[in-house]
> 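If you scroll down you'll find the structure; I have some questions about it.
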Protein chains: 2
Amino acid sequence: MRRSEIRGHLLDTALRLFNLHGYHATGIDLLIAEAGVAKTTLYRHFETKEDLILAALERRDEQSRAEMRIFVEHRASEPYERLLATFDFLEASVRDKQFRGCIFMSAAGEHKEAVDPVFRAALMHKRLVLAYFEELAHAARFSEPKRIADTINLLHEGATAIAQLTRTAEPVRQSKRMAASLLSEEARAAKEPSARSEGAEQQASNADRA
Amino acid sequence: MRRSEIRGHLLDTALRLFNLHGYHATGIDLLIAEAGVAKTTLYRHFETKEDLILAALERRDEQSRAEMRIFVEHRASEPYERLLATFDFLEASVRDKQFRGCIFMSAAGEHKEAVDPVFRAALMHKRLVLAYFEELAHAARFSEPKRIADTINLLHEGATAIAQLTRTAEPVRQSKRMAASLLSEEARAAKEPSARSEGAEQQASNADRA
DNA sequence: GCTTAAATATACCGATCTGTATCGTTTGAC
DNA sequence: GTCAAACGATACAGATCGGTATATTTAAGC
């Protein structure tokens with residue numbers, strides 16, 4: 001292995017092990033054994049384990065967001081369809097045999113204090129993903145792109161969490177259907193602005209079902 | 001402290017620390033120091049740390065589901081409203097100062113292998129919560145209570161995940177609004193059974209917005 | 001009140017943790 | 001081809017991990 005590749009190889013190995021076993025459960029000794037590298041080499045590239053984690057998360061953040069952009073842009077051309085195509089990207093991620101949940105959520109779950117740099121790195125990634133959703137929602141000319149982005153984001157996180165437990169992609173497909181329903185409802189409400197007050201719709205359509 | 005209370009006290013202390021720091025990061029020595037108990041005592045009640053984790057999760061599973069039932073049944077009387085009231089229960093949980101995310105998701109996140117007893121315990125809890133949602137959806141006379149329960153469940157998980165990062169209850173309120181919208185749409189579609197095929201609704205309501 | 005089980009305190013075990021020190025070997029840049 | 005920097009291998013440090021052993025004190029049930 002060429003020396004210029006070692007750092008990236010270490011980060012890739014670390015990400016693989018973090019995904020497989022988690023952060024605390026992944027020891028330095030296992031990491032260097034898997035990477036086929038001396039301990040001295042690891043600590044020449046990263047001062048501490050935390051620095052390694054932060055560098056790995058940063059690498060993965062950039063990778064995954066770039067992959068999502070490319071996937072989505074190739075899958076659909078219209079912004080509205082691209083919002084829904086983000087679920088197809090998520091589905092592909094979840095279908096990966098190695099899928100064990102979102103590594104950023106895992107990172108935040110193992111570093112729970114809000115001031116922890118690892119927690120903050122995870123939060124930053126989620127903010128950037130959310131910003132991409134908002135960008136798409138804005139391009140799709142939604143009147144409240146922030147709220148639309150929050151909606152997509154919530155469905156993504158819910159599907160990811162459930163898929164982590166069930167080990168199936170079905171929650172992702174379901175969340176896409178929910179997104180389609182909610183977005184079409186948004187569009188319907190936008191061109192037919194009724195004076196109906198919010199919060200009154202729940203009991204109306206209840207009793208007379210079935 | 002009376003001896004009969006020690007086991008419960010140990011489990012409560014363990015749950016508090018697991019919630020604060022996670023499972024791997026919570027050491028036995030810290031646990032017994034916080035509980036004010038000798039190490040011998042801990043190991044008389046639990047054979048291993050894993051047994052302690054499993055007992056703690058079982059305790060919390062029963063506690064939280066019982067609390068949710070009581071909260072929901074007191075908050076609303078109609079099954080349909082009770083489905084939405086589950087979000088109010090979630091909001092109360094999230095507003096707790098000590099909220100650091102769902103401990104069952106954290107447990108699964110730190111014990112990622114599907115055969116791991118801790119992972120299975122977390123999965124079992126989620127199945128039981130889902131069963132409760134289905135029970136409510138059935139009582140609310142939805143034609144597909146399983147699917148409705150999946151919908152509520154996905155919104156719960158999404159809101160919980162995002163609240164874990166943002167440390168606010170807003171995602172929960174948003175997910176409740178999304179649930180209300182989706183359920184009312186379900187009800188509307190139920191009494192007006194159109195022949196519109198599924199999957200065709202996404203591109204229809206797109207171009208003519210704004 | 002006696003007995004017995006369970007609590008306490010403490011010392012200890014081997015393994016593992018992150019991180020460092022030493023030293024010989026290899027590599028890449030000039 | 002030289003030389004400095006980076007590599008590999010290994011040993012080790014000090015702390016902490018989960019868990020055990022021992023010996024003494026406490027408290028609950030008959």
Side-chain angles (χ1 to χ4, degrees), chain A residues 1-57 106-107 109-113 116-119 121, chain B residues 1-58 103 106-107 109-113 116-119 121:
Chain A
M1 180 178 329
R2 289 198 297 277
R3 282 178 175 167
S4 58
E5 298 173 346
I6 287 186
R7 183 187 155 92
H9 174 64
L10 278 169
L11 292 177
D12 287 340
T13 305
L15 284 166
R16 199 186 90 237
L17 294 177
F18 291 156
N19 180 61
L20 273 180
H21 310 301
Y23 297 85
H24 287 90
T26 298
I28 296 292
D29 289 334
L30 174 63
L31 171 64
I32 62 175
E34 288 283 315
V37 148
K39 193 179 272 194
T40 325
T41 303
L42 169 66
Y43 278 101
R44 191 182 314 280
H45 286 276
F46 308 100
E47 287 193 0
T48 65
K49 185 185 180 182
E50 181 176 277
D51 285 340
L52 170 71
I53 294 176
L54 291 173
L57 289 181
S106 285
E110 289 196 43
H111 305 82
K112 301 183 178 244
E113 303 199 45
D116 189 307
V118 177
F119 181 94
Chain B
M1 180 181 327
R2 289 198 296 280
R3 281 176 175 168
S4 58
E5 297 172 346
I6 286 186
R7 182 187 156 92
H9 174 64
L10 278 169
L11 292 177
D12 287 339
T13 305
L15 284 167
R16 199 185 89 236
L17 296 176
F18 292 156
N19 181 60
L20 274 179
H21 310 300
Y23 297 85
H24 287 90
T26 297
I28 296 293
D29 290 333
L30 174 63
L31 171 64
I32 62 175
E34 289 282 314
V37 148
K39 194 180 269 195
T40 324
T41 303
L42 169 67
Y43 279 102
R44 191 181 311 281
H45 287 277
F46 307 99
E47 286 194 359
T48 66
K49 185 186 182 183
E50 181 176 277
D51 286 340
L52 169 72
I53 294 176
L54 292 173
L57 289 181
E58 188 179 345
I103 68 160
S106 285
E110 290 196 43
H111 306 82
K112 304 186 177 243
E113 303 200 45
D116 189 306
V118 177
F119 182 95

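Convention: sequence-line order gives letters A, B, ...; per-chain numbering from 1. Please read all numbers here as calculations on a predicted model, not as lab measurements.
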> Side chains of B:Ile28 and B:Tyr43, heavy atoms from C-beta outward: is any pair under 4.5 Å?
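In short, these two side chains touch, coming nearer than 4.5 Å.
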> Show which side-chain atoms of residues 46-53 of chain B pair as donor or acceptor with protein atoms under 3.5 Å away, not counting sequence neighbours.
unit_1, atom_1, unit_2, atom_2, d
B:Thr48, OG1, B:Glu50, N, 3.3
B:Thr48, OG1, B:Asp51, N, 3.2
B:Lys49, NZ, B:Tyr23, O, 3.0
B:Lys49, NZ, B:Thr26, O, 3.0

> Please check this pair: side chain of A:His9 against backbone of A:Ala35, looking for a donor-acceptor N/O pair closer than 3.5 Å.
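Yes, because the side chain of A:His9 sits within donor-acceptor range (under 3.5 Å) of the backbone of A:Ala35.
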> Whole angstroms only, please: what is the CD1-C1' distance between B:Ile32 and D:dT16?
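Taking atom C1' of D:dT16 as the reference, CD1 of B:Ile32 is at 13 Å.
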> Considering residues at least two apart in sequence or located in another chain, which fulfil the side-chain hydrogen bond (donor to acceptor under 3.5 Å, both in side chains) criterion with A:His24?
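Listed in chain order: A:Glu110.
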> Without decimals, in angstroms, what is the distance between B:Arg7 CZ and C:dA7 P?
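Rounded to the whole Å, the gap is 12 Å.
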> Rounded off to whole Å, could you give me the CG-to-C1' distance for the A:Leu10 and D:dG8 pair?
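Between C1' of D:dG8 and CG of A:Leu10: 13 Å.
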> Going by the rule side-chain contact (heavy atoms from CB on, under 4.5 Å), which residues pair with B:Ala33 if we only count those two or more places apart in sequence or in a different chain?
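B:Ala33: no side-chain contact (heavy atoms from CB on, under 4.5 Å) contacts found.
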> Using the test side-chain contact (heavy atoms from CB on, under 4.5 Å), find all partners of B:Arg16 that sit at least two apart in sequence or belong to another chain.
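In terms of side-chain contact (heavy atoms from CB on, under 4.5 Å), with neighbours along the sequence ignored, B:Arg16 is linked to B:Thr13, B:Glu34.
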> Rounded to the Å, how far apart are B:Arg44 CZ and D:dT26 P?
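About 16 Å, once rounded to whole Å.
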> Restricting to pairs with a member in residues 18-28 of chain B, which pass salt bridge (Lys or Arg N to Asp or Glu O under 4.0 Å), not counting sequence neighbours?
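Found none.
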> Could you check how far CG of A:Leu42 sits from P of D:dA9, rounded to whole Å?
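It is 14 Å, rounded to the nearest whole Å.
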> Base, backbone or nothing for each nucleotide of nucleotides 14-22 of chain C, written B, S, -, heavy atoms under 4.0 angstrom, 5' to 3'?
----BBBB-
> Got a sec, which residues hit side-chain hydrogen bond (donor to acceptor under 3.5 Å, both in side chains) with A:Asp116, two or more places apart in sequence or on another chain?
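For A:Asp116, no residue satisfies side-chain hydrogen bond (donor to acceptor under 3.5 Å, both in side chains) once neighbours in sequence are set aside.
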> How close or far is atom P of D:dG19 from atom NE2 of B:His45, stated in whole angstroms?
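Distance, rounded to whole Å: 16 Å.
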> Roughly how bent is the helix from C:dG1-D:dC30 to C:dC30-D:dG1 end to end, in steps of 10 degrees, with each end axis from five pairs?
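End axes: 30° apart.
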